[in-house]
Amino acid sequence: MDNNNIPHLIEFPKIGKPELGFISVAEKANLPFVPKRIYWTYFTPEDVERGGHSHFDLHQILIAVSGKIEVTTELLDGQKETFILEKPNVGLFIPKMCWRTMKYTHNAVQMCIASNEYDENDYIRDYQIFLGAKL
Ligand code: T46
C-alpha cells in the first residue's frame, strides 16, 4: 500500500537550539501534496471530541503547534490507530477516506495543512455511510 494512503507521522526539520528557540518549516520538498488551505483550531474544551468525519478527496497534515492532541484514525479496511501529537515539529498525515476524531488539551492549537479549499460536499459525516463507501 502506498504510504500516502495510510496515516503516518511526518517529522519536519527543527532548526535552532534550546538557548535560542526553534523554527520548523513545511515546504514543497517535505510535503506530500501542494497545500491549498491552512487553518487552525484552538480553545477546544477538553471534554469535546471534534472530527467524526472522513473526506472523499482531501489529504491533510495535522500539527499540534502547542499543547497535545489525541487523534484516532480508521481506514476502510478496518485499520485503526491512535496518534499523540505533542511536538511542534511533527505532523500527522491523514489521507482521504479516513475516519478521524480528535481530543485536545485546552492549550492545544491544531494547525491543519490541507490539499484543497473548504468544500462541505467533500465530507462524510455519517459513520455508516463511511463504512459502506468503496474506494
Ligand atoms: C478535519 C479536522 C482535522 C469552514 O467554514 N471552513 C473551513 O475551512 C473549515 C475547516 C471549517 N469550516 C466550518 C464548517 C463547520 O461549520 O467550520 C465548522 C467546523 O468544521 P469541521 O466540522 O470540519 O471541524 P472539525 O474541527 O471537526 O474538523 C476540522 C476540519 O474541518 C476537517 O477537515 O479533518 O479538522
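Just so it is clear, the values below take in all heavy atoms, side chains as well, and ignore hydrogens, waters and symmetry mates. Start at 1 and go down the list; that is how both ligands and their atoms are numbered.
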Inspect the surroundings of OH in Tyr39 and state if more than 12 heavy atoms from other residues, nucleotides or ligands are less than 6.0 Å away. yes
Can you pull the residues with any heavy atom under 4.0 Å from ligand 1? Arg37, Tyr39, Arg50, Gly51, His53, His55, Gln60, Leu62, Arg100, Met102, Gln110, Tyr118, Tyr123, Arg125
Please give me the minimum heavy-atom distance between Ile84 and Glu70, naming the atom from each residue. CD1-CG, 3.8 Å
For the residue pair Ser66 and Asn107, what are the closest heavy atoms and their distance? OG-O, 2.6 Å
Just do the salt bridge (charged side-chain N to carboxylate O under 4.0 Å, His left out) check on Arg100 and Glu49 with the steps written out, would you? CA-CA 10 Å; Arg100 85 292 309 269; Glu49 183 177 270; over 6 Å; no
Under 3.5 Å, is there a donor on one side chain and an acceptor on the other for Gln79 and Asp77? yes
Under 3.5 Å donor-acceptor pairs involving side-chain atoms of residues 12-31, not counting sequence neighbours:
from, atom 1, to, atom 2, distance (Å)
Ser24, OG, Pro13, O, 2.9
Asn30, OD1, Glu27, N, 2.8
Asn30, ND2, Val25, O, 3.0

